[in-house]
Novice: 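Please see the structure below; I have some questions.
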Amino acid sequence: MLRVMRENPRFPDAAISPGPIQPLENQHKAEALNFLSVRPLHTFVMTGWIQDNGVASPLNRGTFYGYRDQEGRLEGVALIGHVTLFETDSDSALAAFAWLTQNCPSANAVMGEAGKVSRFLNYYMDGRSRPRLICRESLFERRSQEESDEEIPSLCLATPNEMEFVVRVHAQMALEETGVNPLEVDPTGFRQRCARRIRQKRVWVCVEDGRLTFKADVITDLREITYLEGVYVSPERRGNRFGARCVRQLTNTLLKRTKSVCLLVREKNAAAEACYRKAGFTVRDYYETLFLQTK
C-alpha cells in the first residue's frame with residue numbers, strides 16, 4: 001500500500017491526513033461494486049467498466065485504486081488513467097487521487113460532477129499547469145417510455161460492415177470536441193476499441209443510401225442505468241427532428257432493460273439540448289471534464 005501525506009495551500013486550515021491507497025485487483029470486485037452502488041446514478045461509468053472488463057484489465061486504460069479509512073473500509077474508489085474518474089466524499093481521498101493523476105503519464109482527462117471536479121482541480125493544480133480545456137456539461141436523463149413518432153426502420157445495431165462509417169465519424173467527433181484526432185495518436189487502439197464495441201452490440205446506427213445518418217454508442221449497459229455517448233446526426237438530417245426521433249426510439253428500446261438512460265451534453269450546445277428535450281430527456285445534474293496538458 002502507498003501512504004500519501006500532503007498539505008495543500010488552498011486548504012491551510014487542515015493537513016490532509018495520511019491514508020492508505022491500494023491498487024485494486026479482481027479479488028476486490030465485489031467490494032468496489034458495493035461501494036459504487038451507493039450512488040449508481042453518478043458512478044455508472046466505473047461500475048460499467050468493472051462489470052465489462054474486471055477491475056484489473058488493460059481495457060480500462062488505467063488502474064483502479066481504493067482509499068481506505070483507519071478501519072480498512074473503502075472511503076473512495078478511482079480509476080486513474082486515460083480517463084480519470086472518482087467517487088469519494090473525503091478530501092484526503094480526493095487529494096490522494098489528484099496526486100496519483102499528477103504522476104500518471106497516460107492521464108488525459110478527468111470527468112465527474114461539477115462541484116467534485118472543481119475540488120479535485122484545487123488539489124491537482126498544486127504546482128501543475130492548468131488543464132488545456134475545461135468542458136462544462138449537462139447530464140440529461142430519461143426514465144420512462146415516450147410515445148414515438150413513426151418508427152425509423154433503419155435504426156439498428158451496427159455490424160462489422162459499418163465499421164469504417166463508425167471509425168470515421170467517431171474520430172471526427174473526438175477531434176471536434178477535444179482537438180485531438182485519435183486516428184493520428186492511436187490509430188490501431190482506436191480501431192480496436194470501435195470494433196470491440198460493435199462486437200459487444202453497443203453501437204446503434206442508421207445507414208441510408210450508403211450514408212451514415214445517425215450513430216450512438218452505449219458506454220455503460222447496466223440494469224440501473226445506461227449511458228450513451230458519441231451521438232451523431234449527419235448534417236443533411238439535422239434540423240428536422242430526425243435526431244430526436246432516433247434518440248427517442250433508441251431510448252424506448254433501452255428502457256426495456258434498464259431503469260434510466262442518460263447522456264452528457266456540452267454547455268451551450270443548444271441544438272443538441274433541443275434534440276434531447278424533444279426526445280423526452282431532462283437535465284438531472286451538471287458535470288465537468290478536464291482535458292489535461294499531455295506530458
Side-chain angles (χ1 to χ4, degrees), residues 1-51 55-56 60-104 106-126 128 131 134 136-137 139 220 222 224-225 227 262 264 284-290 292:
M1 286 188 185
L2 304 173
R3 283 188 176 270
V4 177
M5 169 66 99
R6 308 189 64 233
E7 289 193 20
N8 194 301
R10 295 178 182 273
F11 295 86
D13 296 333
I16 302 304
S17 60
I21 309 167
Q22 178 188 36
L24 299 178
E25 303 294 341
N26 286 322
Q27 64 263 32
H28 301 113
K29 178 178 178 179
E31 183 185 19
L33 289 175
N34 184 59
F35 178 84
L36 296 172
S37 71
V38 175
R39 295 198 323 135
L41 297 182
H42 292 282
T43 59
F44 48 85
V45 177
M46 284 193 286
T47 298
W49 286 354
I50 290 174
Q51 294 282 31
V55 176
N60 293 325
R61 305 179 75 188
T63 301
F64 276 98
Y65 287 89
Y67 185 95
R68 298 185 182 277
D69 63 18
Q70 297 297 326
E71 285 72 43
R73 295 170 299 198
L74 282 176
E75 201 170 40
V77 170
L79 174 63
I80 310 295
H82 181 74
V83 177
T84 290
L85 307 159
F86 56 87
E87 170 66 3
T88 187
D89 286 326
S90 161
D91 277 340
S92 298
L94 203 58
F97 295 152
W99 178 82
L100 287 167
T101 305
Q102 286 177 341
N103 291 277
C104 176
S106 65
N108 176 70
V110 179
M111 185 178 81
E113 299 155 78
K116 290 191 174 185
V117 169
S118 294
R119 287 167 56 203
F120 177 97
L121 185 58
N122 283 333
Y123 291 111
Y124 179 85
M125 284 293 294
D126 185 14
R128 296 284 165 153
I134 300 177
R136 292 172 175 81
E137 299 153 312
L139 183 67
T220 297
L222 302 168
E224 273 305 320
I225 189 166
Y227 170 58
C262 68
L264 287 167
R284 198 196 70 213
D285 210 338
Y286 297 95
Y287 272 53
E288 282 187 344
T289 300
L290 312 177
L292 307 176

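Predicted, not measured: the structure shown is a model, and the values here were computed from it.
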Novice: Work out which heavy atom in A107 is nearest to a heavy atom in L292; give both atom names and the distance.
Specialist: CB-CD1, 3.9 Å
Novice: Would you name the heavy atoms of P40 and I225 that are closest together and state the gap between them?
Specialist: O-CG2, 4.1 Å
Novice: Taking all non-hydrogen atoms of both residues, which atom of N26 and which atom of A56 are closest, and how far apart?
Specialist: OD1-N, 3.1 Å
Novice: Verify, without hydrogens or angle tests, whether T47 (side chain) and F44 (backbone) share a donor-acceptor contact under 3.5 angstrom.
Specialist: no
Novice: Taking N60 for the side chain and V55 for the main chain, is one N or O donor matched with an acceptor at less than 3.5 Å?
Specialist: yes
Novice: When rounded to the nearest 0.5 angstrom, what distance separates OH in Y123 from OG in S92?
Specialist: 7.0 Å
Novice: For the CG atom of L36 and the CZ atom of F64, what is their distance to the nearest 0.5 Å?
Specialist: 7.5 Å
Novice: Ring-plane angle category for F120 and F86, please: parallel below 30°, perpendicular beyond 60°, tilted otherwise.
Specialist: parallel
Novice: Short question: side chain of N108, backbone of V83 - any donor-acceptor pair under 3.5 Å?
Specialist: no
Novice: For the residue pair I21 and A96, what are the closest heavy atoms and their distance?
Specialist: CD1-CB, 3.3 Å
Novice: Given 3.5 Å as the limit, does a donor-acceptor pair link the side chain of T88 with the main chain of E75, or not?
Specialist: yes
Novice: Out of the candidates R39, R136, R284, only one should pair with E113 under the salt bridge (Lys or Arg N to Asp or Glu O under 4.0 Å) rule; please name it.
Specialist: R39
Novice: Compare all side-chain heavy atoms of L74 with those of H28 and state whether any distance is below 4.5 angstrom.
Specialist: no
Novice: When you measure from the side chain of Q102 to the backbone of Y124, do you find a donor-acceptor pair of N or O atoms at a distance under 3.5 Å?
Specialist: yes
Novice: Is any side-chain heavy atom of E288 less than 4.5 Å from a side-chain heavy atom of K116?
Specialist: no
Novice: A side-chain contact here means heavy atoms from C-beta on lying under 4.5 Å apart; do V117 and Y287 qualify?
Specialist: no
Novice: Contact between H42 and D285 at the side-chain level, heavy atoms closer than 4.5 Å - yes or no?
Specialist: yes
Novice: Answer yes or no: is there a donor N or O on one side and an acceptor on the other, between the side chain of N103 and the main chain of W99, under 3.5 Å?
Specialist: yes
Novice: If you take all heavy atoms of R119 and L94, which pair is closest and at what distance?
Specialist: CB-CD2, 3.5 Å
Novice: Within the side chain of S118, is there an N or O that forms a donor-acceptor pair under 3.5 Å with the backbone of A114?
Specialist: yes
Novice: Do the non-hydrogen side-chain atoms of V77 and T43 ever get within less than 4.5 Å of each other?
Specialist: no
Novice: Enter the distance from T289:OG1 to I134:CD1 here, rounded to the nearest 0.5 Å.
Specialist: 10.5 Å
Novice: Any side-chain heavy atom of T63 sitting closer than 4.5 Å to one from L100?
Specialist: no
Novice: If you look at every heavy atom in A32 and I50, which pair is closest and at what distance?
Specialist: CB-CD1, 4.3 Å
Novice: Can you find a pair of side-chain heavy atoms, one from Y227 and one from V45, that are under 4.5 Å apart?
Specialist: yes
Novice: Taking atom CD of E87 and atom CG of D89, what is their separation to the nearest 0.5 Å?
Specialist: 6.5 Å
